[in-house]
There are 2 protein chains.
Amino acid sequence: MYERKILPNLNCGLDLIGEVLYGKWKIRLLWFINEGYKRPSELQRKIPDTTRRVLNIQLKELEEHELVTRKIYPVVPPKVEYSLTEFGKTLIPVISALGKWGDENEEHLRTVILERLRQESRQDIVSV
Amino acid sequence: MYERKILPNLNCGLDLIGEVLYGKWKIRLLWFINEGYKRPSELQRKIPDTTRRVLNIQLKELEEHELVTRKIYPVVPPKVEYSLTEFGKTLIPVISALGKWGDENEEHLRTVILERLRQESRQDIVSV
DNA sequence: ACAATAGGGGAAAAATTTATCCCTATATGA
DNA sequence: TCATATAGGGATAAATTTTTCCCCTATTGT
C-alpha cells in the first residue's frame with residue numbers, strides 16, 4: 001500500500017466527497033453495483049477498460065469508506081457480492097445528477113474535450 | 001504540456017463530466033469564481049494550499065473546456081478576471097449537490113477517511 | 001536602487017494513481 | 001489432461017498529476 005506524504009484537505013463538504021469519489025473507476029463501480037451488478041466478474045465485464053486488479057483496489061477503498069459492503073460466500077468456486085451500504089445509497093442521486101449533466105451536454109462536452117486533446121498533440125509536433 | 005498516451009473514455013455522461021472536473025482544484029475554482037472571486041490573486045488567497053502556478057494550469061484547462069472565460073484588462077499592473085461561461089454556470093447546481101452531500105455527511109466522512117489513513121500508516125509500520 | 005504587486009510560464013522533481021505481469025487455489029466441462 | 005471460470009494479491013512499471021524552483025514584464029512606493 002502507498003502511504004500519502006501530503007495529507008488531504010478535509011475542510012468542507014467538497015473536499016470530503018472528493019476524497020471518497022476520487023478514483024478513475026469508483027463512480028462507475030458505485031453506479032453498476034447500484035444497477036445490480038454485484039459480482040467482481042460482472043463488474044469487470046461492465047468495465048472492460050481496466051483490469052480486475054485495479055477494480056479490486058478501488059472496490060476495497062470504497063469498502064473502507066463504507067460505501068459498499070463485501071459479502072463472501074464460502075463456496076467453490078468462490079463467490080463474492082458487493083452491495084451499496086445505506087450510506088452508499090445516499091450517494092446515488094448525486095452521481096445521477098453528475099451523469100445527467102454529462103448526458104445533457106454530451107455533444108458540447110465531446111467537442112471541447114476532443115478539441116483540447118488535439119491541441120495537445122499539435123503542440124507536441126511543434127516542439128519536436 | 002503533457003500528451004496523453006492513454007485516451008480517455010468518453011462513452012457516457014459520467015465519463016464526460018469526469019473529464020472536465022477531474023483535477024484537484026477545479027471544483028473549488030469553479031465554486032469560488034461563482035462566488036465572485038474573479039482575479040487570480042483572489043483565488044489564490046481563497047485556495048492557499050497550492051501555488052499560483054498550479055491554479056493557472058487548472059484555470060487554463062477550465063478555459064479550454066469552455067467552463068470559464070479569461071478577460072485581460074490592458075492596464076498596468078496587469079489585471080485578469082475569470083468568469084463562468086453560461087455553460088459553466090449550468091454546472092453550479094451539480095457542484096452544489098456534491099457539496100451538500102459532503103456537508104450533510106461531514107461527520108461520518110471525516111471518520112471513515114481518517115480511519116483509512118490511519119490504517120495506511122499502521123501497515124507501513126508493520127512492513128518496516 | 002529595491003521591494004512589492006500584478007500577471008505569467010518552462011523545466012524538472014516528487015507524489016500519486018493506474019496498469020501490467022505473474023502468481024495462488026479449486027471445480028467443472030471438453 | 002488442459003482450458004475456463006471463480007476470486008485474490010505482491011511486485012514493479014508506467015502514466016499522470018501536482019508541486020517546486022526559478023525566471024520574466026512593468027509600475028508604484030519607500
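None of the values given here were measured: they were computed from a predicted structure. The sequence lines fix the lettering, A, B, ..., with proteins before strands; numbering per chain opens at 1. No hydrogens, no waters, no symmetry mates; every other heavy atom, side chains included, goes into these values.
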- Has B:Lys38 got its NZ or CZ under 6.0 Å from the middle of the six-membered ring of B:Tyr82, at an angle within 45 degrees of the ring axis? no
Donor-acceptor pairs under 3.5 Å, side chain of residues 24-33 of chain A to any protein atom, not counting sequence neighbours: which ones?
from: A:Lys26; atom 1: NZ; to: A:Glu61; atom 2: OE1; distance (Å): 2.8
from: A:Arg28; atom 1: NH1; to: B:Asp15; atom 2: OD1; distance (Å): 2.7
from: A:Arg28; atom 1: NH2; to: A:Lys24; atom 2: O; distance (Å): 3.2
from: A:Arg28; atom 1: NH2; to: B:Asp15; atom 2: OD1; distance (Å): 3.4

For residues 43-50 of chain A, which side-chain N or O atoms pair as donor and acceptor with protein atoms under 3.5 Å away, sequence neighbours left out?
from: A:Gln44; atom 1: OE1; to: A:Arg52; atom 2: N; distance (Å): 2.8
from: A:Gln44; atom 1: NE2; to: A:Ile47; atom 2: O; distance (Å): 3.4
from: A:Gln44; atom 1: NE2; to: A:Thr50; atom 2: O; distance (Å): 2.9
from: A:Asp49; atom 1: OD2; to: B:Asn9; atom 2: ND2; distance (Å): 2.7

What's the [atom1]-[atom2] distance between [X] and [N], to the nearest Å?
X	N	atom1	atom2	answer
A:Gln44	C:dT18	CD	C1'	14 Å
B:Leu43	C:dA6	CG	C1'	14 Å
A:Ile47	C:dA19	CD1	C1'	15 Å
A:Trp25	C:dT18	CH2	C1'	9 Å

- Message: We want to know whether A:His65 and B:Glu115 form a side-chain donor-acceptor pair, criterion being a heavy-atom distance below 3.5 angstrom.
- Response: no
- Range on DNA chain D touched by chain B, heavy atoms, distance below 4.0 Å: D:dA15 to D:dT27
- Task: For the residue pair A:Glu81 and A:Arg70, establish whether any side-chain heavy-atom pair is separated by less than 4.5 Å.
- Result: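 No; the side chains remain at least 4.5 Å from each other.
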- Find out whether A:Asp103 and B:Leu14 are in side-chain contact, i.e. whether some heavy atom of one side chain is under 4.5 Å from a heavy atom of the other.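 No, side chains not in contact.
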Just by modelled atom types, is the [Y] backbone N or O under 3.5 Å from a matching donor or acceptor in the [X] side chain?
X	Y	answer
B:Thr69	B:Thr85	no
A:Glu42	A:Arg39	yes
B:Thr111	B:Glu107	yes

- May I ask you to check whether over 12 heavy atoms, not counting those of B:Glu35, lie within 6.0 Å of atom CD?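 Counting other residues, nucleotides and ligands, CD of B:Glu35 exceeds 12 neighbours.
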- Message: Other members of the hydrophobic cluster containing B:Ile57, with the 4.5 Å side-chain heavy-atom rule, please.
- Response: none
- Message: For a quick check of understanding: with a heavy-atom distance under 4.0 Å over all strands, which category does B:Glu42 fall into, base, sugar-phosphate or nothing?
- Response: nothing
- Message: Taking the nucleotide of DNA chain D with the nearest heavy atom to each, does B:Tyr2 or A:Tyr82 sit closer to the 5' end?
- Response: A:Tyr82
- Message: Any residue in residues 5-14 of chain B with a heavy atom nearer than 4.0 angstrom to DNA chain D? Just list them by number, or reply none.
- Response: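 The stretch gives B:Lys5, B:Ile6 as the residues lying under 4.0 Å from the strand, ordered by number.
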- Check DNA chain C against residues 48-57 of chain B and give the residues with a non-hydrogen atom under 4.0 Å, in numerical order.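 When residues 48-57 of chain B is checked for heavy atoms under 4.0 Å from DNA chain C, the hits, listed by number, are B:Arg52, B:Arg53, B:Asn56.
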